[in-house]
Amino acid sequence: MTAHVNEPYDFKAVEARWREHWNEKGYFRVDTKARDNTFYYLNMFPYPSGYLHVGHGRNYIIGDVLTRFYRMRGYNILNPMGWDAFGLPAENAAIDRGIHPREWTEKNIAYAKGQFGAWGIVYDWDREISTCDPDYYRWTQWLFLELYKKGLAYRKRATVNYCPQCKTVLANEQVVGGGCERCGSAPEPKTLEQWFFKITDYADRLLDDLAKLENWPESVKKMQENWIGRSEGAEITFKTETRDDLVVFTTRPDTLWGATFMVLAPEHALVDKITTPDKKAEVAAYRDRAIRASDIDRLSTEREKTGVFTGAYAVNPANNEKIPVWIADYVLATYGTGAIMAVPAHDERDFAFAIRYGLPILPVIERADRRARAFVPAAAVGADFDKVARDDGFPVEKTSHGFVLDPNWDDVNRAVRLIQGELKAGGWASVVGTRFAFIFQDAVIAHDSVATDREIVARCALLTGASFHARTAMEILTQIPAYEGFLFHSDIGTMQHSGRFSGTRGHLAKDAVTEWLEKGQKGKKAITYRLHDWLISRQRYWGAPIPIVYCPTCGEVPVPEKDLPVKLPDVAFIGKMGLADIPGYADTTCPTCGGKARRDTDTMDTFVDSSWYYLRFINPHDTRRAFVRDDVDHWLPVNQYVGGVEHAILHLLYSRFVTKALYDLGHVGFEEPFARLFTQGMVCLTAYKCPEHGWLYPKEVAEGNRCPHCGKALENPYFSMSKSKKNVVDPSEIIDRVGADTERLYTLFMGPPDRDIEWSEEGIRGSFRFLNRVWTLVSDCAPRLAPRTAAADPATLDAEGLALWRRVHRTVRKVSEDIQDRFSFNTAVSAIMELANDLAKYAERKDADPDLLREAVDRLVLVLSPICPFLGEELWRKVGHDGSPLEAGWPRVVEQALGADTVEIPVQVNGKLRARITVSAEIAADAKALEKAALESDDVKAKLGDVKVLKAIAVPNKMVSLVVR
RNA sequence: GCCGGAGUGGCGGAAUUGGCAGACGCGCAGGAUUCAGGAUCCUGUGGGGGUUACACCUCGUGUGGGUUCAAGUCCCUCCUCCGGUACCA
């Protein structure tokens, strides 16, 4: 390269020069009255908790690149930012520091805003919103009242998850892996009067409309689907001896004849009523234990199932059998009806429970594969049994305990007869699988009812003597190793042992039984959801107060809209408290009768705040409405929403629910808030953990990966960045050392944005090096450029010039596609690197074409500018332009430059690459001509020798494949 | 257990519609520059074979099989890792 002495890349000066520029010029201010060419880009707004690390940065950097790109393409792009500012951490942090949460929050917001500036990330700050601002939460309260009006907000006494650490209740969705989402401690059950949003009314629509969200990641849709957890089945009513209705939900009504006992959740309302006096003490003790221990113990699915018999019986409506009613904590009070009919033969949990407590297990569904297996104990037959069976056409396996044979489905009866005929006195055998029966010398007893179960056990006990312990036929069978995997199945299959339904084919069984139940008024078709109503009450201070007043005469009264907002009391913040603890807050007058009344003292879950914020950005300053319908109908659904996958369920499900509710209320004209969703991967880094001293900062770690305090070897787990694990990288350090442009470039370059990536110092250095090279390259070229209006004329370029010219335009096109269509920033960056490499090589020539240099340098700077905006501004001026790259617009592609005169086409022989031919573009595009060119090429002829070409496949512009001999 | 996603050089990754595997970057090696280190620049860099040198051959995208003129890409089997969820009847 020419030995120009240039100033080095002084990123600090460059970044300082442009930091305020974009805001001052108002490039990203948008008028939401605009109707043409509009694009609503939205990042999930952050919770202002201290500072943002480089992992958070990834999200916003992606957004900023897109915003700048769309701006250059001439869109009216809306990219607002706000703060999810209410919530527990603010309160807890404030308590620790003895200051008001508002103060703490505002300080963090100011800091984060500064971070965005340092990153070169620009928002329309005129639209900034903060959920803790009364001008905002007034409308959160309005939303509550709208839902209330429609009956979607209601209060009920319920047992809820209470986090003792955070001193508040949690929504179902906020209990993660059995612990509190925020602090991880185990929630305790607590019964309280609480407000709920009736999201279950929308379960079907939330589920069905997922199909419309074509541009959402499949994984997120699947997670929501699982969370909603729709199950179709039936509710079946059993009568207890006390004449009470015991209603169960089941997805398998076709297994009703196999229901040999019932299980209620320990909390079930009927437990007290039906428990017989002699069982009261035992039942009460079990229930207390279960309720207290529930969430900690219930975590383990591998735990032995426990339960207690209530002494009560119910009648199976299918066969009028009297079956015992148990309670057990494996049945959840919160799902279905809190009670089940246990079908141990076809439900794994019921099977385990029945085996443990000696309850009968009756198979009523045939195996789908129709396999059967018979086991004949060695002592039951003669030693030559295997030969006899084989002579009859049954392959037999001889084990140390006896003989195993697997007859075909239609051969089972013959096998049973054979075995019966071979039995010695006192011997017995059994067959399981598609048919269950016990074989005795004088009888074959099908295992098809409680009565036969008893008979089988009695006979076996008699024959076996004192060593016999089993309580049920199935228990006997579980002791036979050969039957492992044969005794239980949950297949859909033909019904058996089910009265007149026996023989009903599996695919018809459920409907047939349900229909019969409905006719006899014994049950009905039913759908159950895993999804529960959304608990929104929180017993804390830092949130939007619930706008409801309780009046002794009028009852529950909503605060009139004109009286909103119900403001948080302005108290000096001194410690842990909810609104209930603040003297005077609850005292008010009834809006209806004017008498003395009491305010609700709970605040709303912060997910309510964030469930509608995307609407407020359109008209953030409107004092009369939450939003203007005409405007939101135009701007929404959000064109592109980007955020962390950790919100796949909570925030996104709640937002979808609120949008649908507002649609039904006539406030918006769309049913889904986010048209396209992208969830970016997390940024990870090795963490250091001492078994004794906990997490350590990387710089604390002593030589040889040891703890500085105790010298123990450290664990090095690999985690997404998190302050608690001390593996975060503070962007201020990176920006100070190499600049924001380098951080931005590296963040995009290190990997595909939807995947988790590891932050690496070497990667940062590489990106920094590249920007230095670009700086030097552009500086070198600057004095040699043609006037800034010039364009290269391909007719005057030599081969190298033409190659570069094509590279320039191919790059522009690739970067456009990668950013706009593919969300593939890493490949956009590498394309830019390739352009820079080619340009550098060409620029070494003394006779470089000034017009081409101009075209190449300008376009390099322009396509780089959304990614590295500081450098983009600086270099754009350096090469003689006046305005910003944002004003220059996205460069136009010269279509002619995308083609080529000649193309190199690979030629394969028998699937192996053997030669390359160079042909004109015209020939390459024509299969016939291409094939001919390949066959006539000397190189190909030489490779082929004198073998015969059987077949030639020519794919235009791609390759030629020859099949020989 | 169930539901997703992923497995490609020493490393991050690329290959967009079944068509030249390893773009781009890091690291490493050799060289230039330098008193020296760093920085910078140049060259090389999947494994094996082969050549004085080129050429060239061969293997190769977690495993095993299949479809095809052609497979990282499609189908089946299995393994590993990551994420979500977990007694949901």
Side-chain angles (χ1 to χ4, degrees), chain A residues 1 8 176-178 217-223 225-227 229-231 233 248-252 255 263 265 298-303 305 328-332 334-343 346-350 352-353 490 528-531 645-646 648-649 681-682 684 718 720 745-746 749-752 754-767 769-770 772-773 776 814 817-818 821-822 824 826-834 836-837 840 904-916 950-955 957-964:
Chain A
M1 188 167 302
V176 180
E218 281 310 311
S219 57
V220 172
K221 288 195 276 188
K222 205 79 202 169
M223 280 189 212
E225 189 185 319
N226 291 341
W227 191 264
R230 182 187 150 108
S231 298
V248 301
F249 173 76
T250 177
T251 53
R252 292 296 301 271
T255 62
V263 187
R298 287 187 184 192
L299 253 187
S300 161
T301 41
E302 293 308 307
R303 186 175 67 114
K305 299 200 180 346
D329 65 2
Y330 82 89
V331 172
L332 306 177
T334 50
Y335 184 79
T337 61
I340 62 159
M341 62 176 202
V343 184
H346 305 296
D347 181 286
E348 211 172 349
R349 296 150 299 176
D350 297 344
F353 191 82
S490 54
T528 295
Y529 302 90
R530 211 187 80 114
L531 179 73
V645 73
E646 66 274 18
I649 296 165
M682 288 177 296
C684 302
Y718 169 75
S720 68
L745 182 74
Y746 173 60
F749 182 57
M750 59 185 161
D754 57 341
R755 236 184 288 166
D756 286 358
I757 36 160
E758 183 171 9
W759 185 265
S760 111
E761 186 49 39
E762 285 73 36
I764 281 284
R765 277 211 294 276
S767 294
R769 202 177 299 166
F770 173 69
N772 274 285
R773 261 203 318 270
T776 312
K814 171 140 181 74
E817 285 175 357
D818 282 356
D821 308 329
R822 297 211 306 145
S824 179
N826 52 329
T827 51
V829 170
S830 53
I832 295 170
M833 286 173 167
E834 286 176 276
N837 290 345
E904 200 183 55
I905 298 287
V907 180
Q908 289 185 353
V909 177
N910 283 351
K912 291 196 169 141
L913 179 69
R914 280 292 179 269
R916 293 191 175 87
L950 298 178
K951 193 175 169 189
I953 298 128
V955 184
N957 298 316
K958 287 267 164 64
M959 64 152 32
V960 176
S961 186
L962 304 174
V963 188
V964 302

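Because only heavy atoms are used, hydrogens play no part in the values below, and waters and symmetry mates are left out as well, while side chains stay in. Per chain, numbering begins at 1; letters A, B, ... match sequence-line order.
Both distances falling under 3.5 Å, in either a Watson-Crick or a G-U wobble arrangement, occur for no nucleotide opposite C20(B).
Using a 4.0 Å cut-off, some side-chain N or O of Asn826(A) falls inside it from OP1 or OP2 of A14(B). An OP1 or OP2 oxygen of G25(B) is reached within less than 4.0 angstrom by a side-chain nitrogen or oxygen of Asn837(A). Put simply, Arg755(A) has a side-chain N or O that comes within less than 4.0 Å of OP1 or OP2 on A14(B). For the pair Thr827(A) and C24(B), the criterion of a side-chain N or O lying under 4.0 Å from OP1 or OP2 is not met. Phosphate contact (OP1/OP2 of U40(B), side-chain N/O of Arg769(A), threshold under 4.0 Å): present.
Within the nucleic acid shown, Gly763(A) has no heavy atom closer than 4.0 Å to any nucleic acid atom.
Separating the CE atom in Met750(A) from the CG atom in Leu745(A) is a distance of 10.5 Å, to the nearest 0.5 Å. In this structure, SG in Cys684(A) is found 12.5 Å from CZ in Arg755(A), a value given to the nearest 0.5 Å. To the nearest 0.5 angstrom, Asn826(A) atom CG is 12.0 Å from Tyr746(A) atom OH.
The separation between Glu904(A) atom CD and C20(B) atom P is 13 Å, rounded to whole Å. Spacing between atom CD of Glu218(A) and atom C1' of G5(B) amounts to 12 Å, rounded to whole angstrom units. Distance, Ile757(A) CD1 to G5(B) C1': 17 Å, rounded to whole Å. If you measure from atom CG of Asp754(A) to atom P of C82(B), you get 19 Å, rounded to the nearest angstrom. If you measure from atom CD of Glu348(A) to atom C1' of A86(B), you get 13 Å, rounded to the nearest angstrom.
In this entry the base of G66(B) is anti relative to its sugar, with a glycosidic angle more than 90° from 0.
Counting only heavy atoms from C-beta on, Ser961(A) has its side chain closest to C69(B) among C69(B), G25(B), U85(B). Ranking A70(B), A89(B), C24(B) by closeness to the Leu332(A) side chain, first place goes to A89(B).
The aromatic rings of Phe249(A) and Tyr335(A) stand perpendicular to each other, their planes meeting at an angle above 60°, with 30° marking the opposite boundary.
The residue among Arg765(A) and Lys814(A) whose nearest nucleotide of RNA chain B is located toward the 5' end is Lys814(A). Residue Leu962(A) is the one, among Leu962(A) and Gly229(A), whose nearest nucleotide of RNA chain B lies closer to the 5' end (criterion: closest heavy atom).
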